Amino acid sequence: MSDPQMQFSESEQRELAQFLEAENAKARIQQTVHAMTDSCWDKCIFKINNKTDRNDESCLSNCVERFLDASMFVVKRLEDLRSSGV
């Protein structure tokens, strides 16, 4: 049995689908940021002090930049493959 109040119009269904897609994209971005943070932290931080030293900061910065470079490369490659019909 379906409840008449639970019926959505086509435009409402599209709006809901777009909202869910946007929320899923946000969740994927957050997941990526957490993965990057964990990975870079594990690679760069060996001792915990009240503040990071210059080497730690440099390592973290380089790690994040390489992670972003790699992510952008993968996204561009996937877009190229999709546009070429592969």
Side-chain angles (χ1 to χ4, degrees):
M1 248 185 230
S2 65
D3 184 354
Q5 293 179 341
M6 295 302 290
Q7 300 297 321
F8 294 110
S9 69
E10 270 188 54
S11 65
E12 290 172 327
Q13 289 176 10
R14 280 193 301 273
E15 186 178 333
L16 181 59
Q18 289 173 343
F19 172 78
L20 291 174
E21 186 177 325
E23 290 300 307
N24 283 333
K26 288 179 195 176
R28 286 191 302 272
I29 289 169
Q30 285 181 322
Q31 186 178 27
T32 300
V33 168
H34 287 300
M36 176 183 61
T37 302
D38 287 345
S39 176
C40 291
W41 182 270
D42 291 344
K43 289 178 196 255
C44 297
I45 306 298
F46 298 104
K47 61 183 186 237
I48 298 176
N49 294 324
N50 288 340
K51 65 181 199 174
T52 58
D53 65 21
R54 185 177 296 172
N55 291 335
D56 292 344
E57 289 176 16
S58 177
C59 180
L60 285 170
S61 178
N62 287 331
C63 182
V64 169
E65 288 175 15
R66 297 301 72 80
F67 188 92
L68 293 173
D69 288 344
S71 296
M72 291 304 296
F73 175 80
V74 169
V75 167
K76 181 163 178 15
R77 180 74 174 127
L78 290 172
E79 286 175 351
D80 290 346
L81 288 172
R82 185 174 60 187
S83 67
S84 69
V86 174

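Quick caveat: nothing in here was measured; it's all calculated off a predicted structure.
- Counting heavy atoms from C-beta on, the side chains of Val75 and Leu78 never come closer than 4.5 Å.
- In this structure, cysteines Cys44 and Cys59 have SG atoms closer than 2.5 angstrom.
- In terms of heavy-atom proximity, Gln7 sits nearest to Glu12 at O-OE1, 4.3 Å.
- The backbone N or O of Met36 sits nowhere less than 3.5 Å from a side-chain atom of Ser39 that would complete a donor-acceptor pair.
- Taking every heavy atom of both residues into account, Thr32 and Phe67 meet most closely at CG2-CE2, 3.6 Å.
- Taking all atoms of both residues into account, the shortest heavy-atom contact from Gln13 to Phe8 is NE2-O, 3.1 Å.
- Using modelled atom types, no side-chain atom of Asn49 and backbone atom of Lys51 make a donor-acceptor pair closer than 3.5 Å.
- When every heavy atom of Asp53 is checked against every heavy atom of Asp56, the shortest pair comes out as OD1-N, 2.8 Å.
- In this structure, Cys40 SG and Arg66 CZ are separated by 10.5 Å, a value rounded to the nearest 0.5 Å.
- No side-chain donor-acceptor contact under 3.5 Å links Ser58 to the backbone of Arg54.
- In this structure, the side chains of Thr37 and Val64 stay at 4.5 Å or more apart for every pair of heavy atoms.
- Of the charged side-chain nitrogens involved, none lies within less than 4.0 Å of a carboxylate oxygen, so that Arg77 and Asp80 do not count as a salt-bridged pair.
- By the 6.0 Å contact criterion, CD on Glu23 is enclosed, its count of non-hydrogen atoms from other residues, nucleotides or ligands being greater than 12.
- The CG atom of Asn62 sits 6.0 Å away from the CD atom of Glu65 when rounded to the nearest 0.5 Å.
- The distance from the CG atom of Asn55 to the CZ atom of Phe46 is 10.5 Å, given to the nearest 0.5 Å.
- In this structure, the separation between CG on Leu68 and SG on Cys63 is 9.5 Å, given to the nearest 0.5 Å.
- Among Lys26, Glu21, Arg28, the single residue meeting the side-chain contact (heavy atoms from CB on, under 4.5 Å) criterion with Asn24 is Arg28.
- Remark: side-chain polar atoms of Ser61 are not paired, donor with acceptor, to backbone N or O of Glu57 under 3.5 angstrom.
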